[in-house]
Amino acid sequence: MEQKYNPYDNMLHVLEETAQELHLEKDNYIPFKYPEREIKVALPVRMDDGHVQMFEGYRIQHSSTRGPCKGGIRFHPEVDEDEVKALAFGMTLKCAVVDLPYGGAKGGVQVDPTKLSETELERLTRRYTAAILPFIGPEKDIPAPDVNTNPKMMGWIMDTYSMLSGYPVPGVVTGKPIDIGGSLGRNEATGRGVSIITKEALKQFKMEGSQKIAIQGMGNVGSNAAIILHEMGHKIVGISDVSGGLYKAGGLNIPAIIKHQAKHKNLLKGYKEDGAKEIGSAELLTCDCDVLIPAALGGVLTAANANKVKAKLIVEAANGPTTVEADEVFKKKGITLIPDILANAGGVVVSYFEWVQNIQSLMWDLDRVNEMLGKIMEKAFAQVRDIAVKDKSDYRKAAYILAVSRLVEARKTRGVFP
Ligand SMILES: NC(=O)c1ccc[n+]([C@@H]2O[C@H](COP(=O)([O-])OP(=O)(O)OC[C@H]3O[C@@H](n4cnc5c(N)ncnc54)[C@H](O)[C@@H]3O)[C@@H](O)[C@H]2O)c1
């Protein structure tokens, strides 16, 4: 029987392996095995019918070694402590890979937001913000959107924090609406970053011309990646979301699908296209394609389906979509995998731009944002690639080597307090 997948054990395994690879002394990497601060909050929320319902939330700050903590907030019924810990650790590594002056954190609330009304969701978001308020702030920890959280909710967080501070604090959260200090380009930044990394990887592996791409998840990340990769001339042959999936060998009509989603609660359900057949979300992962982009939830590529994956290149847009066992299968099969901490870092890069603009009360134009995003993503890809080529290693290992080296250097420079 397969053991229950623990995403935090997965991260520890990776850290240990990287430390061995780099011949690190235990003293220099051991602190990164432990999150600096784990906050668990109980959230009473008055529901629309008048009764009080309890929710559980987390904010886990993995490391502030390289700068203030940074990471999204996820609203999902399956949020648990190990998952949030792993995601926080992933943020520390991600910020280090793209060389941002940030540490890593993550937040989560155990809730199915589709079961809440908008007013209930607002009260829950504000209560969660108040509960973690002493631990967040522009110099401490800056949340952002993740699964099932969006710019509007970031606006509620900004407002709650500002009201309780007595003055506007836009830099407390990123991914906000533009009119209260959000950055142009932030909403599509992760999908754009995924597309830039895919483009660089295709160049590196001489996969020329239009490629067949399958994307699991058509939310913020998946849909923006689909639009941009479609605009780059690739065929998006498969897509899926929580309501189902579609496959068309000749390539799906992405603009029409985006229009349908906008009308139907961001869901694919009910969309029809000539030549497109309905497939399940699991089937999408093993469909006939050149590039597979998991852009939904973690732990979807496992020992059970890895052998059936047909793609030559996997670009991890979601956080932690591949288990350690699946990774081994891909290595054996010669499938190249670009890891999440590099592939989906575009969001945090533009979040960083947003925070910089907030702190300095500046407003950058979209071209500037996209140009700087492109430069940072391309540079990070090249740095990871150079390590992979030099060490003859896979890209995940190379990305971890880059991130862990930067973390350990910062740790050594700061020293151990007191
Ligand atoms: N939003 C960001 O800026 C950002 C940044 C970095 C990483 N990520 C990661 O990218 C992933 C997606 O995030 P998002 O912001 O697009 O979330 P989102 O909530 O906007 O979209 C999630 C998508 O996944 C789909 N989905 C849910 N369960 C599914 C299932 N079982 N099968 C297939 N599809 C399913 C949903 O229908 C939706 O289309 C997450 O792993 C997140 O942690 C997001």
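In listed order, ligands and their atoms are each counted from 1.
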Donor-acceptor pairs are to be reported for all side-chain atoms of residues 303-310 against protein atoms at under 3.5 Å, with residues two or more places apart or in another chain.
from   : atom 1 : to     : atom 2 : distance (Å)
Asn305 : OD1    : Thr302 : N      : 2.8
Asn305 : ND2    : Val300 : O      : 2.9
Lys310 : NZ     : Thr286 : O      : 2.7

Tell me, which protein residue and heavy-atom name are nearest [atom], and how many Å apart are they?
atom	value
atom 22 (C) of ligand 1	Gly219 CA, 4.2 Å
atom 12 (C) of ligand 1	Ala295 O, 3.4 Å
atom 33 (C) of ligand 1	Ser281 OG, 2.8 Å
atom 28 (N) of ligand 1	Leu297 CD1, 3.7 Å
atom 17 (O) of ligand 1	Val147 CA, 3.8 Å
atom 24 (O) of ligand 1	Ala296 CB, 3.4 Å
atom 15 (O) of ligand 1	Asn220 CB, 3.7 Å

Next on the checklist: Under the criterion side-chain contact (heavy atoms from CB on, under 4.5 Å), I'd like the reasoning laid out for Leu133 against Tyr161: C-alpha separation, chi angles, the key distance, then a yes or no.
Outcome noted: CA-CA 7 Å; Leu133 190 125; Tyr161 190 93; 3.6 Å; yes
Return a yes/no value for [X]: is any of its N or O atoms, backbone included, closer than 3.5 angstrom to an N or O of ligand 1?
X	answer
Pro145	no
Asp146	yes
Asn148	yes

Should we count [atom1] of [X] as having more than 12 external heavy atoms under 6.0 Å?
X	atom1	value
Lys259	NZ	no
Glu16	CD	yes
Asp365	CG	yes

Next on the checklist: Quick check on contacts: which atoms of ligand 1 are under 4.0 angstrom from a heavy atom of Met218?
Outcome noted: 39 (O)
Item to check | Ligand-residue contact atoms, ligand 1 with Ala317, heavy atoms, under 4.0 Å | outcome: 7 (C), 9 (C), 10 (O)
Side chain, backbone, both or neither: which part of [X] comes within less than 4.0 Å of ligand 1 when only heavy atoms are counted?
X	value
Arg186	side chain
Ser243	neither
Thr190	side chain

Checklist entry - Is Lys332 paired with Glu328 through a side-chain N to carboxylate O contact shorter than 4.0 Å? => result no
Next on the checklist: Protein heavy atoms near atom 19 (O) of ligand 1, is at least one of them under 4.0 angstrom away?
Outcome noted: yes
Checklist entry - Would Met363 and Ile178 count as a side-chain contact (heavy atoms from CB on, under 4.5 Å) if you check the C-alpha gap in whole Å, the side-chain angles of each, and the deciding distance to 0.1 Å? => result CA-CA 10 Å; Met363 283 156 64; Ile178 305 292; over 6 Å; no
Next on the checklist: Run the side-chain contact (heavy atoms from CB on, under 4.5 Å) test on Phe330 and Leu301 for me, step by step, so that the C-alpha distance in whole Å, both residues' side-chain angles and the decisive distance to 0.1 Å come before the verdict.
Outcome noted: CA-CA 10 Å; Phe330 296 145; Leu301 292 166; 4.2 Å; yes
Item to check | Pick from Val242, Val221, Asn224: the one approaching atom 1 (N) of ligand 1 most closely through a non-hydrogen atom | outcome: Val221
Checklist entry - Which residue, Asn150, Thr149, Asn187, forms the side chain to side chain donor-acceptor pair (under 3.5 Å) with Asn220? => result Asn187
Item to check | Audit row: Asn253, Glu273, side-chain hydrogen bond (donor to acceptor under 3.5 Å, both in side chains) steps and yes/no | outcome: CA-CA 8 Å; Asn253 184 345; Glu273 181 177 324; 5.3 Å; no
Checklist entry - Please walk me through it: do Lys106 and Asn319 pass side-chain contact (heavy atoms from CB on, under 4.5 Å)? => result CA-CA 12 Å; Lys106 203 77 178 190; Asn319 284 316; 3.7 Å; yes
